[in-house]
Amino acid sequence: MQHLSLTSPAGVFLSLDAVLILLTAFACLGSKLFDRYLTYYGLQSVLLAAAAATAAVVTGDNALWVLASLTLCLKGIAIPLAARRLLVSRLQLQRDAGIALGLSTSLILGAGLCAFAYLVIGPQNLAHGLISRSIIPLSTAVLLLGALMMVVRRHMVAQLIGWLIMENGVFLGAITLTASFPFIVEAGIFFDVIAGFLIMLAMTTGIAERISAASLAPPRREPS
Amino acid sequence: MPYLLQFLQSLAVVALAPLYAGVLTRASALVQSKHGPAILQPYFDLWKWLGKASAVSDQTSWIFRAAPYVAMACYLAVSTIVPVITDQPLPLAFLGDLLGGALVLGLASFVMSLAALDTASPLGGLGASRTTWIGSLAEPALILVFFTVGVLSASDNPYLMNHAIAASPLAMVLPTHLLGAVAFFMLLLAETGHIPIDNPSGTIEISMIEESRVLEYSGREYALVKWGGWIKLFLLSAIFMNVFVLPWGLGDGTSLVGGLVGILAVLGKLAVCGLAIVIIDSSFAKLRFFRIAEYLGGAFLLALIGIVTSYVVAK
């Protein structure tokens, strides 16, 4: 996988896919409806599953097929659906009022972080014409964007989404570069993250039901 | 022969721009289940306006009367330097590069804003202020978009960009190029006053952006102003299709037949671009004014990421 050429069909597809993943991270950062966060996060996870499937095709490793389908089912479908049912339908969370920084400002900061990722990774020093050249900086940028999302959003659910985006960034780098990584380790981390997310979602729900908004911003109207 | 083709290109732009606008209007109406005006309606309108006397307020100066002619000259100048019907540079192609073209289009917009201020009508000032604000946000993004194609073709001349992309189809699917193309399309919509920035068929003066600058014009000057707007839409769409999306099918710059085939090719390509514009016009709402900054910031961001990802272009 590390030796995949950037100009082969799989290489072109992977770098496009990684750019789209980056764009969904930006879309999350630039929206302020909980519904949108979940949509973009689900889309990002589907793209990530496509990347994992490409890696599985290239390496012929069956474990990667399992990871790809797990990613698609859990992160691409289950989490967005369950979270939407819980947060949007039941708790009527709609507009994220806990935004610490204007959307345009955070987008520009995000673009700066993206450039920073390219600066510190220095892809021009990496091996010429290989897929790692395009994927490593992009996955680092996604990770940094997730971190930025956690910084500029005050609402707990939004911060959770930021955390999941960070995790997607790490996963993207890991899946496309180190396919020889033991499957059990990746799957273990995967389930840790899912479990953590579910626990936090449950906590958020509890808190939100009690005080009606888990936000440090001024309290909003009681949900009817 | 090259000079003949040069003349043919500008003539085609000037003569076919109203047709493109008419087709767009008719197609939008059809998509919205209306009948719509005839495709040739812009020509009838031009004919009517050109035959009318022009009423000019006695509060205006020569700036107001000169502006439509200056703007029209700017559009004609741009029509000589961009690839519309040939992919070989024509004699005047090296008057300026894409940045130069953007500068000249900026000059046209500037004189129209001056003219709107000159009338001292409240709506004119409003329109001038809004258009200038949008232009000042769109311009940096536009320059970055030209850099994204410039990175791939190592040039800022539209003909060479066209060659570089037509020569290697792989370049079409590179992230840099795709992001640049999407950003340019977003800017095209903003520059020509289409949804989601402005409603081209809007009739409420207070919410107009581009149109409210020209409310004071009538008769021949009004014809020039409208015609100029159509030419701008035609030119930007032609650049989008010939440089970014479908760089093939143009004449080779030595034979008249190639040029005539190029005209047909560009009409076909504009139909594709127009379809995209019509779909967006009919399926989105106009943005709230202060969200336009976010829209243009998005275009800027796409172009910036395009340039950043060009680091990894495999040469």
Side-chain angles (χ1 to χ4, degrees), chain A residues 4-27 29-32 102-142 145, chain B residues 133-134 136-138 140-141 143-145 147-148 151-152 164-165 167-186 190 196-197 284-285 287-315:
Chain A
L4 184 65
S5 152
L6 194 55
T7 47
S8 65
V12 169
F13 178 76
L14 268 180
S15 36
L16 258 187
D17 201 52
V19 169
L20 288 179
I21 288 177
L22 182 70
L23 286 185
T24 48
F26 268 113
L29 193 64
S31 50
K32 51 177 162 187
L103 291 185
S104 306
T105 320
S106 24
L107 281 179
I108 290 170
L109 266 184
L113 278 181
C114 191
F116 178 72
Y118 273 81
L119 198 67
V120 289
I121 299 292
Q124 67 274 29
N125 301 329
L126 295 178
H128 203 77
L130 290 189
I131 186 71
S132 52
R133 246 187 135 174
S134 83
I135 299 289
I136 296 184
L138 282 174
S139 64
T140 316
V142 174
L145 283 182
Chain B
W133 182 70
I134 292 174
S136 70
L137 290 174
I143 290 173
L144 278 188
V145 168
F147 287 170
T148 62
V151 163
L152 293 178
I165 292 160
S168 68
L170 178 70
M172 301 280 295
V173 292
L174 282 179
T176 307
H177 182 74
L178 285 178
L179 292 172
V182 174
F184 186 78
F185 188 67
M186 289 171 76
I197 299 298
F284 287 92
L287 279 178
R288 204 149 49 78
F289 188 65
F290 285 108
R291 297 207 58 185
I292 292 177
E294 287 169 21
Y295 173 88
L296 292 171
F300 182 82
L301 186 76
L302 287 177
L304 187 67
I305 297 176
I307 291 177
V308 167
T309 52
S310 72
Y311 250 125
V312 291
V313 171
K315 288 261 169 69

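Chain naming here is simple, since letters A, B, ... match the order of the sequence lines and numbering starts at 1 in each.
Counting heavy-atom pairs under 4.5 Å between each of B:Leu301, B:Leu179, B:Leu178 and chain A puts B:Leu301 at the top.
Closest approach of A:Cys114 and B:Val308 over heavy atoms only: O-CG1, 4.5 Å. For A:Ser15 against B:Pro175, the heavy-atom pair with the smallest separation is O-CG, 4.3 Å.
Contact of A:Leu107 with chain B is made through backbone and side chain together, with heavy-atom distances under 4.5 Å. At a 4.5 Å heavy-atom cutoff, the contact between A:Leu23 and chain B is made by side-chain atoms alone. With a 4.5 Å cut-off on non-hydrogen atoms, A:Phe13 does not touch chain B at all. Only the side chain of A:Leu22 comes within less than 4.5 Å of a heavy atom in chain B; its backbone stays farther off.
Within the model, atoms CG of A:Leu16 and OG1 of B:Thr309 stand 10.0 Å from one another, a figure rounded to the nearest 0.5 Å.
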